[in-house]
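Chain letters run A, B, ... following the sequence lines, proteins first, then strands; residues in each count from 1.
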2 protein chains.
Amino acid sequence: MEDRLQTLVQKIRQHGHRLTPQRMAILRILADSTGHPTVEQVYEQVQAQFPMTSLATVYKTVTLLKEEGEILELSFGGESSRYDGHNPQPHPHLICIRCGTILDPDLALFNDLPREICDKYGFQMVNHRVDFFGICPACQQAQSVSTTSTPQGKEQEF
Amino acid sequence: MEDRLQTLVQKIRQHGHRLTPQRMAILRILADSTGHPTVEQVYEQVQAQFPMTSLATVYKTVTLLKEEGEILELSFGGESSRYDGHNPQPHPHLICIRCGTILDPDLALFNDLPREICDKYGFQMVNHRVDFFGICPACQQAQSVSTTSTPQGKEQEF
DNA sequence: ACCTTATAGATAATTATTATCAATAACAAA
DNA sequence: TTTGTTATTGATAATAATTATCTATAAGGT
């Protein structure tokens, strides 16, 4: 996990980019994050350390990491993109449409399957994405425990 | 394929919605389309028949079909969403990042796999999405045939 | 310490999509 | 067939995430 930060720092320096305190703080947050935060959420965390930091700076750092292939971006329809700077390789996700949590199941199956499928179709794969949308166990529990007939709130669209 | 149009028409009427000529034209285009068009592309096709049609009307019809579960929406980061009104069930896609073509491979594997995986994790699945991004066979050929060193144009981001 | 230039911060611009609203037309009922 | 209700249309404004712009600043090599 500290390794991951070092990898990011190294990649940044290798390409002649500079390490500002703000950028360093952003890298640290992204390297440690397992919750697939939005840019806005990263921004809020950075501001705790550097109150003067601009949202644009977070966007620019994320863009930089995308170019280096060191961050995984999960874009959705209307919602803000979610980012994984901890594990930038494509991997499947379980996405709760109620609370927005994104889980990383351990599915060894998807290590080789995408490439095999694409090879079969003569398709030169450069990326892939596997998302399962639904209600996570925690939200199912919250629902079943509820004694009122109060609706649980409309789920997000994704 | 004519069946598909009838299904859409029926779904629309069932829910008390009205069938205007514009809406009918949009349904016809979406029912027949195998190319995963954008709203803009549907709009252009509709205008050939009804030049006064508004882009907003296409958006509204697509939204309606989404609510009915009769159209599959593929949202991407920056790009416009692509739509499949011909086969609205979730299915895997091969997406060319160079020409934008979206192919539907026949992968029986993905009929049951998503549900099995989610069951295993206690995740109540309501939707899923499997996308493979890369260079389609046609674009690979165009590249290898090219004798000049002219770059093939930057691929889109998706 | 100096110099070059990438980066920060603030804000304007972009763009797909959605909301608004008055005029019109679908369609059920008389 | 005519009528009445109201969903829909078309035009345009609003929204919101992301990107572009631009000047002052500071990173990092010399």
Side-chain angles (χ1 to χ4, degrees), chain A residues 8-27 29 36-44 46-47 49-68 71-83 100 154 156-158, chain B residues 8-27 30 36-44 46-47 49-68 71-83 100 154 156-158:
Chain A
L8 294 185
V9 168
Q10 204 174 342
K11 257 297 181 60
I12 292 288
R13 307 206 83 130
Q14 269 179 7
H15 290 70
H17 298 296
R18 295 176 185 175
L19 269 182
T20 66
Q22 299 95 323
R23 187 170 279 178
M24 195 66 190
I26 296 168
L27 293 186
I29 291 166
H36 306 81
T38 64
V39 161
E40 192 72 31
Q41 289 169 330
V42 173
Y43 173 58
E44 287 163 14
V46 179
Q47 282 204 314
Q49 299 177 265
F50 300 90
M52 296 304 297
T53 306
S54 167
L55 182 60
T57 297
V58 182
Y59 269 108
K60 279 181 276 197
T61 301
V62 164
T63 299
L64 193 59
L65 291 173
K66 265 195 286 180
E67 288 166 2
E68 310 280 5
I71 195 170
L72 185 65
E73 179 183 34
L74 299 180
S75 302
F76 300 99
E79 267 55 50
S80 302
S81 288
R82 308 278 293 263
Y83 294 91
K154 210 63 177 180
Q156 316 169 238
E157 290 220 13
F158 286 104
Chain B
L8 295 184
V9 168
Q10 202 175 341
K11 257 298 181 59
I12 291 288
R13 306 206 83 129
Q14 268 179 9
H15 290 71
H17 299 296
R18 296 176 184 174
L19 269 182
T20 66
Q22 300 93 323
R23 187 170 280 178
M24 195 65 191
I26 296 168
L27 292 186
L30 290 172
H36 306 81
T38 63
V39 161
E40 191 73 32
Q41 289 169 331
V42 173
Y43 173 58
E44 288 164 12
V46 179
Q47 282 203 313
Q49 298 178 263
F50 299 91
M52 296 304 296
T53 306
S54 166
L55 182 59
T57 297
V58 182
Y59 269 108
K60 278 180 276 197
T61 301
V62 164
T63 300
L64 193 59
L65 291 173
K66 264 195 287 181
E67 288 166 3
E68 309 281 4
I71 195 170
L72 186 66
E73 179 182 34
L74 299 179
S75 302
F76 301 98
E79 267 57 47
S80 302
S81 288
R82 307 277 294 263
Y83 295 92
K154 211 63 177 179
Q156 315 168 238
E157 291 222 11
F158 287 103

Problem - Residue whose closest nucleotide on DNA chain D lies nearer the 5' end, B:A56 versus A:T63 - result: B:A56

Atom-to-atom span, [atom1] of [X] to [atom2] of [N] - whole angstrom:
{"X": "A:Y43", "N": "D:dA17", "atom1": "OH", "atom2": "C1'", "value": "15 Å"}
{"X": "A:H15", "N": "C:dA6", "atom1": "NE2", "atom2": "C1'", "value": "16 Å"}
{"X": "B:E40", "N": "C:dT17", "atom1": "CD", "atom2": "P", "value": "10 Å"}
{"X": "A:E157", "N": "D:dT15", "atom1": "CD", "atom2": "P", "value": "19 Å"}
{"X": "B:Q47", "N": "D:dG10", "atom1": "CD", "atom2": "C1'", "value": "12 Å"}
{"X": "A:I12", "N": "C:dA6", "atom1": "CD1", "atom2": "P", "value": "14 Å"}
{"X": "A:E79", "N": "C:dT17", "atom1": "CD", "atom2": "P", "value": "14 Å"}
{"X": "B:E73", "N": "C:dT18", "atom1": "CD", "atom2": "P", "value": "7 Å"}

Proximal nucleotide (of [options]) relative to the [X] side chain:
{"X": "A:Y59", "options": "D:dT18, C:dA16, D:dA11", "answer": "D:dT18"}
{"X": "B:K60", "options": "C:dT20, C:dT18, D:dT21", "answer": "C:dT20"}
{"X": "A:M52", "options": "D:dT18, C:dG9, C:dT18", "answer": "C:dG9"}

Exercise for the section: For A:L64 and for B:S80, locate the closest nucleotide of DNA chain C by heavy-atom distance; then report the residue assigned to the nucleotide nearer the 5' terminus. Expected result: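 Between the two, 5'-proximity favours A:L64.
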
Are any non-hydrogen side-chain atoms of [X] and [Y] less than 4.5 angstrom apart?
{"X": "B:I12", "Y": "B:T61", "answer": "no"}
{"X": "B:H36", "Y": "B:L72", "answer": "no"}
{"X": "B:H15", "Y": "B:E67", "answer": "no"}

Handout entry: Nucleic acid contacts - residues 17-27 of chain B versus DNA chain D, non-hydrogen atoms under 4.0 Å
Key = B:H17, B:R18, B:T20, B:Q22, B:R23

Problem - Greater than 12 external heavy atoms within 6.0 Å of A:E157's CD - result: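 Count not over threshold, so no.
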
Exercise for the section: Look only at the side chain of B:Q49 and the backbone of B:V46, and say whether a donor-acceptor pair between them is shorter than 3.5 Å. Expected result: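 Pair absent, no side-chain N/O of B:Q49 close to backbone of B:V46.
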
